[in-house]
Amino acid sequence: MVTIQAPVEIVTPPKRYPAVGRCVYCGAFSNNLTKEHIIAHGLAGNSLVLPKASCTSCQDHTRRAENACLRHLWWPFRTRLGFPSSGKQTPTDFLVRQMKVTKLNDDGSIEGYDKTAELKVEPTEFPLLFLTYKFELPGLIIGRDPNAGINIELMLRHNESETRKYIPNDKDGIRIAPMDKDSFLRMLCKIAHAYATAELGFGSFRPELADFIRGKILSQAWHWIGSDTVTPAPEQRLHDIKWSAPTVDGHTYVVVSLRLFSFIGAPRYHIVVGELTRPIAQLPFLDQPLYTIDVKAPLPLGELVQIDTRSGAAAI
Ligand SMILES: [Zn+2]
């Protein structure tokens, strides 16, 4: 059993920005604007709060995307580490869905499987594992054709002995979590857009992602959204975030770089939120120092190992 100092206790003082007074996503003025947790409360508590910043309609969209990540993709993981929960009851059990792989593709990915068992376990008995996506750098930054596709990888880190309990043999597997890439991307865009607005002010950039955040399709997603291809080493902190204003082909853009779960060695995402509309001379700097969200107790850095998601040992 891994010893985890749960619940996670954030020691970085909460940062509360001045109220915006209109919806940062659709621009609406309304009497019912709610405060935005720039990084969802369930991931970062009250670390970064932007008051009076979202209308109820936009909130529905951002909440849906965040729920897909917080209440599905990362739910057992968050529960295990005791992440803040917003009043909803903490789960008392999780289902471990065991399976047997029946057919593998040539590249090692899973083609077919049979369900073998479903075990109801306490949250502490659910294997500690973390799953996320790894992309390539945003096309705009590296000058890639805006319509080009990219190679998307899954990153899975887990506690081997805990997982092995439910995956005793080759070709055995467990179903980890439903993955919803669009919701994941939408959550990244929402954090980046809200953070850039909080730091630089409403109207400081021409928003490229606001419609996507509000549920529309983003046809050239990889032009604007991406991650480092080489993932930096784990760092003893919860999350980090910063903005920068690089100039590409004579245009200056606002880019937010975000690393959720730095302690696991998760990827750092880079999101181009739009072209800067403020004079560059007004910016306090072109490259903000990294803003870190730190925790009190050490987090289980070395206890999660990377798994080859194509080995057939685990399935999604
Ligand atoms: Zn709105």
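What you are looking at is a predicted structure, and each value in this text was computed from that prediction instead of being measured. Every number for a ligand or one of its atoms is a count from 1 in the order of the listing. Any value given below was found using the heavy atoms of this structure, including those in side chains, with hydrogens, waters and symmetry copies removed.
- Counting only protein N, O or S atoms, the number found under 2.8 Å from the Zn ion (ligand 1) is 4.
- Formation of a donor-acceptor pair under 3.5 Å by the Arg157 side chain with backbone atoms of Phe130 is not found in this model.
- Considering every non-hydrogen atom in both Lys134 and Thr229, the closest pair reads CE-O, 2.9 Å.
- Side-chain contact of Gln220 with Asn147: a donor-acceptor pair under 3.5 Å is present, judged by distance alone.
- With hydrogens and angles disregarded, no donor-acceptor distance shorter than 3.5 Å links the side chain of Gln98 to the backbone of Gly173.
- In this structure a side-chain-to-backbone donor-acceptor pair under 3.5 Å is present from Asn159 to Glu162.
- One N or O on the side chain of Ser227 and one on the backbone of Phe135 form a donor-acceptor pair closer than 3.5 Å.
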